[in-house]
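Given the structure is predicted, the values throughout are model-derived calculations rather than measurements. Each chain gets a letter, A, B and so on, in the order the sequences are listed, and its residues count up from 1.
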Amino acid sequence: MSTNSELAEILRGIADLLDLQGERFKPAAYRRAAQSIDSLPDDVRQMSARGELRTIPGVGDAIAEKIREYLRDGHIPYYERLSQEVPAGVRELMRLPGVGPKTARRFLTEFGIQGPAELAAAIDAGKLEGAAGFKERKIAQLKQAVAAGTPSGVRTPLKDAWQVAEDLVRALRANAPVEQIVVAGSLRRRRETVGDLDILVTSGSAEAVFNAFSALPGVVEIRLRGPTKETVIVRGGLQVDLRVVEPASFGAALQYFTGSKEHNVAIRTRARDLGLKINEYGVVRGEERVAGVTEEEVYGAIGLRYIPPEIRENLGEIELAEKGTLPALVEPHELHGDLHVHLSPDAGPEEVDRLRQEAVELGWSFLGFVTTHPPGTLAKSALDRIEHWRQVKASGPRVLLGQEASFGAAVGAATAEYTITNLTGVSRPPTGAPTSASRPLFAGHLGVATAASAATVEGLTTWIKWAGKAHIGLEVGPRGAGDGLDSAGVRQTITAGIPIHITAGVTGPADHLRDQLIALGLARRGWATADRTLNRTLPGAA
DNA sequence: GCCGTTTTCGGCCCGACTGTTTTCAGTCG
């Protein structure tokens, strides 16, 4: 874990403990600081060294001092003091659905319950019965929550959540009377991981939509259902919120449920300062409704340009939207190909054709298959098929053959048109430029390869410097840090002036070129612009 | 604890849903 995420974790811990003590505003302050630090495109240690801690949104004198304590001593006395006052299990209680700080506190003070196991025992012994606020239904709910175990807080990787969302949207379109339908939330912001799905629809009949939704085969549990909202759990454990809104409110609702929370708080505060009020139904001045149908309208009403969902994190985007100087993020139509397409070793010619056909449908102008070096890992029939398409002067994408060489290895295949460096297993960059005669276009497998170093912000800094010296790009794929840059890494890379390659991450028959859209989302989240993207032109043609 | 083109003090986004209430607290997002 990087210093940034360790520190954010501790600040969140402080927030939980303050919550339990009944503090009103401090918990939110610590959480805001934690969130800022988590999404910081820079290493907090370096920022501290430069005296820039106070420039982090939500970090004031008190929290800055605690950060410095942590960086210097490895611990924060304030956190340790708070921790001693509350048994460790009580924080776990707070994570049970339906249990917040107030209830967890009551468990401790009224019943001496110090953790989930003790809560289960107390329920079985009937100790909660008769206590104010704990009737049959509440106790049953608690019992179920404890039995299900503390939610691990695990978030679903974007690529997996994307698939679930696509399936749900398709099923709803087919089975429910929906008009507009959009997946909002962190998936729309293209976060690397997604906690739950937020689906927004307009419809003539909310009831019919909910009935159809509840009956979908993937739905395993209905958590709650009201007139405008239903929450379910789908197979695999992902929570899905479905909301039905009026068309006149669709833009406002989309804006609101896309978040992030930090972005929305800043937006609403700005609205209030302008004498307006924003909620999920629209923007109103007094009784008069001034916006709500589209997101553009909502942002326009408070004097801002439209802000792309991927960068709504209150990390400077609002100020730029006000000045009209937001960067133009790279768009899908600006990606004309992918240079990092792998075939599995047993892939035959039909697999080459399938991928080429997908590239045709995507309107791409080039498609780069990559062999590992030495190239013996590909079946000859597949190589022959690639060669066939390379020779054909048909319409459709130009098919290329590249090679992927282990870092530092001599590259030899004369037929390869370009080279990618594979960083698997390389823990840190060498000094100096790449040694191979033919310079690689970009470095792939950065995340897997160098999990120990590149996964941390400070580790990535050294890779970015190396890429700059070597004049090569770095890669972002649909799996984020699992295979390449994550969005914070993209932002750091782009800021340093290093180009990126956006790949679909195809390695076998189950993968699709359209997954490049997922990687594109991560790139946009990292403020990537088209002029820093290697997928715009054929290699060598720039 | 943070923050400020109406403030260095006095605010702090806002609504839905649930379960327990006869008017609301707690939780959640």
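- With C1' as the reference atom, B:dC13 and B:dT27 are 16 Å apart, rounded to whole Å.
- For B:dC13, neither phosphate oxygen OP1 nor OP2 lies less than 4.0 angstrom from any side-chain nitrogen or oxygen of A:Tyr281.
- Summarising the geometry of A:Gly526 relative to A:Ile494, their closest heavy-atom pair is O-CG1, 4.2 Å, with the distance given to 0.1 Å.
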How would you summarise protein contacts on nucleotides 21-29 of chain B per nucleotide, using B for base, S for sugar-phosphate only and - for none, with heavy-atom distances below 4.0 Å?
S----SSSB
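- Using a 4.0 Å cut-off between a side-chain N of Lys or Arg and a carboxylate O of Asp or Glu, A:Glu110 and A:Arg105 do not qualify as a salt bridge.
- Rounding to the nearest 0.5 angstrom, the gap separating the CG atom in A:Asp515 from the CH2 atom in A:Trp162 is 8.5 Å.
- In this model, no donor atom of one side chain and acceptor atom of the other lie less than 3.5 Å apart for A:Tyr78 and A:Glu69.
- A:Thr228 comes within 4.0 angstrom of sugar-phosphate atoms only, judged by non-hydrogen atoms across all strands, and of no base.
- Nucleic acid contact for A:Asn264: none, since no nucleic acid atom lies under 4.0 Å from a heavy atom of the residue.
- Rounded to a whole angstrom, the distance from the P atom of B:dC2 to that of B:dT6 is 23 Å.
- The cationic group of A:Arg243 lies under 6.0 Å from the six-membered ring centre of A:Phe257 and within 45° of the ring axis, placing it in a cation-pi geometry.
- For A:Arg225 and A:Asn211, the side-chain atoms include at least one donor-acceptor pair closer than 3.5 Å.
- For the C1' atoms, the distance from B:dC9 to B:dC14 is 24 Å, rounded to whole Å.
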Taking it one step at a time, do A:Thr202 and A:Glu246 satisfy side-chain hydrogen bond (donor to acceptor under 3.5 Å, both in side chains)?
CA-CA 6 Å; A:Thr202 56; A:Glu246 293 295 322; over 6 Å; no
Quick one: what's the B/S/- string for nucleotides 1-9 of chain B, heavy-atom cutoff under 4.0 Å, read 5' to 3'?
BSS------
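- A straight line from CZ of A:Phe210 to P of B:dA16 spans 13 Å, rounded to a whole angstrom.
- Rounding to whole angstrom units, CD1 of residue A:Ile267 and P of B:dC13 are separated by 14 Å.
- Counted by atom type alone, A:Glu230 and A:Ser214 present one or more donor-acceptor pairs between their side chains at under 3.5 Å.
- A salt bridge does not link A:Arg525 to A:Glu310: none of the charged side-chain nitrogens sits closer than 4.0 Å to a carboxylate oxygen.
- In this structure, A:Arg225 reaches the sugar-phosphate backbone alone: every heavy-atom distance under 4.0 Å involves primed, P, OP1 or OP2 atoms, never a base.
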